[in-house]
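A short worksheet on the structure shown next.
Note that the structure is a prediction, hence the values are computed from the model and not measured. Count residues from 1 along the sequence.
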Amino acid sequence: MASSAQSGGTSGGPAVPTVQRGIVKMVLSGCAIIVRGQPRGGPPPERQINLSNIRAGNLARRAAATQPDAKDTPDEPWAFPAREFLRKKLIGKEVCFTIENKTPQGREYGMIYLGKDTNGENIAESLVAEGLATRREGMRANNPEQNRLSECEEQAKAAKKGMWSEGNGSHTIRDLKYTIENPRHFVDSHHQKPVNAIIEHVRDGSVVRALLLPDYYLVTVMLSGIKCPTFRREADGSETPEPFAAEAKFFTESRLLQRDVQIILESCHNQNILGTILHPNGNITELLLKEGFARCVDWSIAVYTRGAEKLRAAERFAKERRLRIWRDYVAPTANLDQKDKQFVAKVMQVLNADAIVVKLNSGDYKTIHLSSIRPPRLEGENTQDKNKKLRPLYDIPYMFEAREFLRKKLIGKKVNVTVDYIRPASPATETVPAFSERTCATVTIGGINIAEALVSKGLATVIRYRQDDDQRSSHYDELLAAEARAIKNGKGLHSKKEVPIHRVADISGDTQKAKQFLPFLQRAGRSEAVVEYVFSGSRLKLYLPKETCLITFLLAGIECPRGARNLPGLVQEGEPFSEEATLFTKELVLQREVEVEVESMDKAGNFIGWLHIDGANLSVLLVEHSLSKVHFTAERSSYYKSLLSAEEAAKQKKEKVWAHYEEQPVEEVAPVLEEKERSASYKPVFVTEITDDLHFYVQDVETGTQLEKLMENMRNDIASHPPVEGSYAPRRGEFCIAKFVDGEWYRARVEKVESPARVHIFYIDYGNREILPSTRLGTLPPAFSTRVLPAQATEYAFAFIQVPQDEDARTDAVDSVVRDIQNTQCLLNVEHLSAGCPHVTLQFADSKGDVGLGLVKEGLVMVEVRKEKQFQKVITEYLNAQESAKSARLNLWRYGDFRADDADEFGYSR
C-alpha cells in the first residue's frame with residue numbers, strides 16, 4: 001500500500017522503526033486515522049493507525065438496530081473537537097508514520113508525522129498541546145518522545161487549553177439527530193439554500209452520509225439525477241460490487257470523505273434526502289458522470305436544481321468516449337451519416353399527434369416520429385361502441401386538438417430535425433400490432449421543441465423507459481419538466497374538466513345528406529375548410545369547421561388525369577400524369593386552410609366547386625402547370641377566362657398533358673337560315689330544385705325580396721312564439737311550417753302521412769321534398785299563409801329534349817343540370833304548354849347559353865323533334881348539336897347510333 005523507507009543503522013545497534021507513507025483517508029477519532037496508498041488500477045489498500053501513548057475522547061455511537069435494548073452513546077467531552085482538529089489538519093494530506101506496537105488482534109499503534117518524513121509535525125504532540133488529548137495513564141517519561149508529550153501536556157494545563165479549561169466540557173458534546181420526523185418538511189424548510197455539512201461516510205459513488213451543520217443532523221444524501229454502480233448484499237451478508245462500483249466509491253471518497261461541503265437539499269425519497277453536493281473544487285455529480293462512473297436517472301433528475309442539461313451533457317461526454325460503465329456503449333444513431341442525423345426539411349403532413357411527413361432537400365418524403373412522447377389514446381376497453389367504427393382523430397379525447405396544434409404550427413414550414421434513435425420494426429403479437437421501423441427525432445421550429453410544446457399543453461404524455469434504455473429524446477428532461485407543469489396546471493389530458501367531444505358528421509358518399517346540405521353550402525358563398533385528404537389531383541376530402549362535417553369535394557371546371565383504381569378482380573392503371581397531379585395538389589393544399597365555393601353535387605353525393613389557397617384558384621393552377629385540361633362546364637363560370645388563359649399558355653409549352661398537342665384548323669360554320677321568329681320573352685328566375693325526372697322549380701326574381709321579408713318576419717314570430725313540439729297533427733294537403741336541416745323554419749305542404757315519425761312534405765317556396773317526423777312540423781301562422789304571398793316555387797320542364805328512361809342515363813343528365821344551374825339565377829322563356837307543367841328553355845344569366853342545348857351537346861339527352869314552324873330554327877340547332885355529340889361518341893352515343901335496332905331497350909322511341 002503506502003510507500004515505505006527503511007532507515008539504515010550501524011550493525012549491532014537497536015532496530016530503527018520503518019518509516020512508511022500514506023494519504024489520510026479518514027479520521028476515526030482524536031487518536032485514530034485511516035491511511036491509504038496510491039491507486040494503481042483500482043482502489044488502493046488501506047490501514048488504520050492508532051496514535052501511541054495518548055488518549056482522546058470517544059465519539060458518539062448509535063445503538064445497533066439488532067439490540068433493541070441498547071441506547072445511543074453520546075460524545076465524550078472534547079471528543080468531537082479532537083476529531084475536527086485532526087480532520088482539518090490531515091484529510092487528503094500525505095503523512096509518514098512508524099509502527100511501534102501491534103496487538104494480537106491486529107491493532108497497530110505508532111507515531112504520525114505531517115509530511116514526507118519524521119521532521120514534520122508530530123500529530124500526537126499537537127493534540128496534547130491543544131488540550132484535546134491526554135497522555136495514557138501509567139505512561140512514564142522514559143524516552144524523548146514521552147518527555148515531549150509530558151511537556152506539551154503541562155503547557156496545555158498551564159494555558160488552560162481544551163479539556164484543561166474551566167468547566168466540564170459539556171458544550172463540546174453534540175446533540176446528534178439520527179432521524180428526521182418529516183423529511184419532506186425538513187427539505188422544504190431550507191428552500192434549496194446551501195447547507196454546510198461534513199461527509200461522514202460514502203456508501204457508494206452516489207450515496208453518502210452527511211453531518212448537517214450547525215444542528216448536527218446525520219442524514220443519508222442521494223445525489224440528485226444520477227446513480228452509480230452499487231454493492232449488492234448477498235444472503236450471507238457479504239457484498240458483491242457491480243462493475244466499477246468500487247472505483248466509483250473511491251472516486252467520491254477521495255474527493256469528499258470528511259471534507260467541508262455545502263449541500264443543496266432538493267427533495268426526498270423514502271427517508272433519504274436527494275441533494276447536490278458542492279465543493280470548492282467542483283460538482284461531484286457532474287464529475288462522476290463525466291468520468292463514466294454514473295448514469296443519469298429520470299426519476300430524480302427533474303429535482304436537480306443546477307440544470308439537467310449539464311448532467312446529460314456530462315453523460316454524453318462519457319458515452320462518446322466509452323468511459324468505464326459505457327465501455328460497450330453504441331449510440332442509437334451510430335449507423336447514420338451526419339447529414340441523416342441533423343437536417344432541415346419542410347413539413348407536408350401531420351399524422352395524428354406524434355408524427356409528421358417531411359420533404360427533404362433531395363425531394364424525398366420521410367416520416368418522422370416525435371421522440372419519447374405518446375399521443376392521446378383511449379383509456380379502458382369499453383369506452384368505444386363496438387358497433388361504431390373508431391375515428392381516432394375525432395373519437396380519441398384531445399387527439400384533434402393535438403393534431404390541430406401541430407398542423408397550425410408546422411404545415412408548410414421548414415423545421416430542424418435531429419434524429420435521436422431508430423426504433424426497429426417489431427412483429428405483431430396477440431396484444432400489440434406490428435410496427436414498421438420508425439425514425440424518432442426532436443423537431444424544432446424557431447428554437448421551440450415541438451414535442452415539448454405539445455406536452456406542456458397537455459396534448460401528449462412522456463414515455464417512461466427502463467433505466468438502461470438509451471433510445472429516448474435528446475431533450476428528455478425538458479419533456480418530463482413540461483409534463484410536470486401540464487399536470488400541475490391541469491392542462492389538456494390532465495384536466496379535470498369534461499373531455500371535449502367532436503361530433504363530426506361524415507357526409508361523404510351519403511347522397512341524401514349531401515342533397516339536404518347542398519343549398520346551405522351554396523348560399524354560404526365562400527366557406528372555410530381544411531383539406532384532410534387528397535385522393536387525386538382534383539378529388540379531396542374537406543373538413544368544414546363551422547359546419548363540423550366532412551365532405552368529398554371535386555374541383556370544378558377541369559378534367560384531371562384519373563388515377564389508378566383497384567377494382568374487383570383487376571387493377572385499373574392511372575392515366576398519364578395522374579400521380580404528378582395528385583402530388584402537386586398534395587404539396588399545395590394538404591392540411592392547409594382553404595376557401596371553397598360549392599356550386600353543385602354529383603349523383604354519388606360529392607360536392608363540386610372551386611377551391612382557393614392563398615387567393616389562388618386550384619383549378620387554374622392545375623391547368624397552368626399542364627396537369628389538367630379545361631372542361632366545357634367551366635364556360636358558365638366567372639373563372640372561365642382565367643382557365644382558358646392558363647390552358648393556352650400550357651398548350652404553348654407542350655408539357656405533360658399537352659406534350660403531343662397540335663393546333664387544329666378553325667372550321668367555318670355556315671349560318672342557319674331562320675324561317676320564322678318564335679316568341680322569346682325571357683324573364684329572370686332563381687333555380688331552387690332539380691327533380692329526378694329532370695323537372696325543376698324556380699322562384700321569380702322580381703318577388704324574391706317579398707319572400708325574404710316574409711321569411712324574416714315569420715322566423716321572428718316563431719322565435720317569439722315557438723311551436724310546442726309534438727302538438728301539431730299533420731293532415732294531407734294542409735299547409736304548415738317545417739324545420740329544415742339548417743335549423744330554420746320554412747313554409748311547406750303535407751303530401752302524405754305514413755306515421756307521426758314519417759310525414760312527406762313539400763317546401764312550397766323552394767320545390768324540394770323531405771320526410772320528417774311531426775315533431776319538426778308546426779301550424780303555419782295565418783299572417784304568412786299563401787293568401788299573403790303565394791307559393792314561390794313553380795315547376796317547369798325542358799322544351800325540345802327527351803328525358804332518358806334508362807335510370808343511369810337519366811341520373812347523368814340530372815347531375816349535369818344540378819351542377820350547372822341549381823341555386824343560380826337564369827333566364828326562362830315559356831315555349832309551349834303541356835300536361836303537367838309548362839315546357840321552357842333556360843339560359844345562363846351571364847353567357848346566355850342554352851342549358852338544354854348544352855345537355856344535347858354533351859350527349860346526355862336526345863332531341864324531341866317538334867313540327868311547329870316557329871321552332872324549326874331552334875330544333876335545327878339542337879339536331880346539329882346532337883349530330884356533333886353522336887360523332888364524338890359522347891355519353892348516350894358512346895356505342896354509336898343505337899336508335900335503329902334497340903331504341904326500346906334504351907328507353908327511346910324515334
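- Taking every heavy atom of both residues into account, W326 and G292 meet most closely at CD1-CA, 4.1 Å.
- Applying side chain to side chain donor-acceptor pair (under 3.5 Å) to T276 and the options E266, R306, Q192 leaves one that passes, E266.
- Aromatic ring orientation, H171 versus W78: perpendicular (interplanar angle above 60°, classes split at 30° and 60°).
- The distance from the CG atom of L493 to the CD1 atom of I487 is 10.0 Å, given to the nearest 0.5 Å.
- Under the side chain to side chain contact (heavy atoms under 4.5 Å, CB included) rule, I33 has a single partner from I123, L51, L90, which is L90.
- With hydrogens and angles ignored, the 3.5 Å screen pairs no side-chain donor or acceptor of R327 with any backbone N or O of I325.
- A distance of 9.0 Å separates OH in Y217 from CG in L212, rounded to the nearest 0.5 Å.
- Residues V297 and I226 share a closest heavy-atom pair of CG2-N, 3.6 Å.
- The shortest non-hydrogen separation linking V303 to S267 is CG1-CB, 3.9 Å.
- The two residues Y178 and R209 have their closest heavy-atom pair at O-NH2, 3.9 Å.
- Note: K193 NZ to Q262 CD = 13.0 Å, rounded to the nearest 0.5 Å.
- For the pair V202 and K249, the minimum side-chain heavy-atom distance is below 4.5 Å.
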Query raised in the report: Can I264 and H190 be said to form a side-chain contact (heavy atoms from CB on, under 4.5 Å), step by step?
Result: CA-CA 9 Å; I264 298 175; H190 285 84; over 6 Å; no
Requested in this report: Check step by step if side chain to side chain donor-acceptor pair (under 3.5 Å) holds for R107 and N50.
Outcome: CA-CA 8 Å; R107 273 181 94 121; N50 300 281; 3.3 Å; yes
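- The shortest side-chain heavy-atom distance between D117 and V19 does not fall under the 4.5 Å cut-off.
- Ring geometry for F293 against F251 counts as tilted: the plane angle lies between 30° and 60°, on a 0 to 90° scale.
- Residue I277 forms a side chain to side chain contact (heavy atoms under 4.5 Å, CB included) with just one option from N283, T285, I284, and that option is I284.
- Contact between L288 and A248 at its shortest, heavy atoms only, is CD2-O, 4.3 Å.
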Query raised in the report: Can you check side chain to side chain donor-acceptor pair (under 3.5 Å) on Y476 and D420, steps first, answer last?
Result: CA-CA 10 Å; Y476 189 68; D420 294 320; over 6 Å; no
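- With E200 as the partner, the salt bridge (charged side-chain N to carboxylate O under 4.0 Å, His left out) test is satisfied by one option alone out of R83, R87, R62: R83.
- Side-chain N or O atoms of R464 include one that pairs as donor or acceptor with a backbone N or O of V462 at under 3.5 Å.
- Using a 4.0 Å cut-off between charged side-chain N and carboxylate O, E309 and R312 make no salt bridge.
- A donor-acceptor pair under 3.5 Å is absent between the side-chain atoms of S224 and the main chain of Y304, judged by distance alone.
- Contact annotation: the side chain of N122 approaches that of M111 to within less than 4.5 Å [non-hydrogen atoms, C-beta and beyond].
- Looking at every heavy atom in both residues, L132 comes nearest to A82 through O-CB, 3.6 Å.
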Requested in this report: Could you go through the salt bridge (Lys or Arg N to Asp or Glu O under 4.0 Å) check for R295 and E315 one step at a time?
Outcome: CA-CA 7 Å; R295 68 173 73 242; E315 183 184 59; 5.6 Å; no
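- Taking the centre and axis of the six-membered ring of Y421, the NZ or CZ atom of R423 falls outside the cone set by 45° and 6.0 Å.
- To the nearest 0.5 Å, atom OG1 of residue T134 and atom CG of residue L127 are 10.5 Å apart.
- Checked options R135, R55, R136; the residue passing with E153 is R135 (criterion: salt bridge (charged side-chain N to carboxylate O under 4.0 Å, His left out)).
- A donor-acceptor distance shorter than 3.5 angstrom exists from the side chain of T252 to the backbone of G205, with no hydrogens or angles considered.
- Using a 4.5 Å cut-off on side-chain heavy atoms (C-beta onward), E452 and H475 make no contact.
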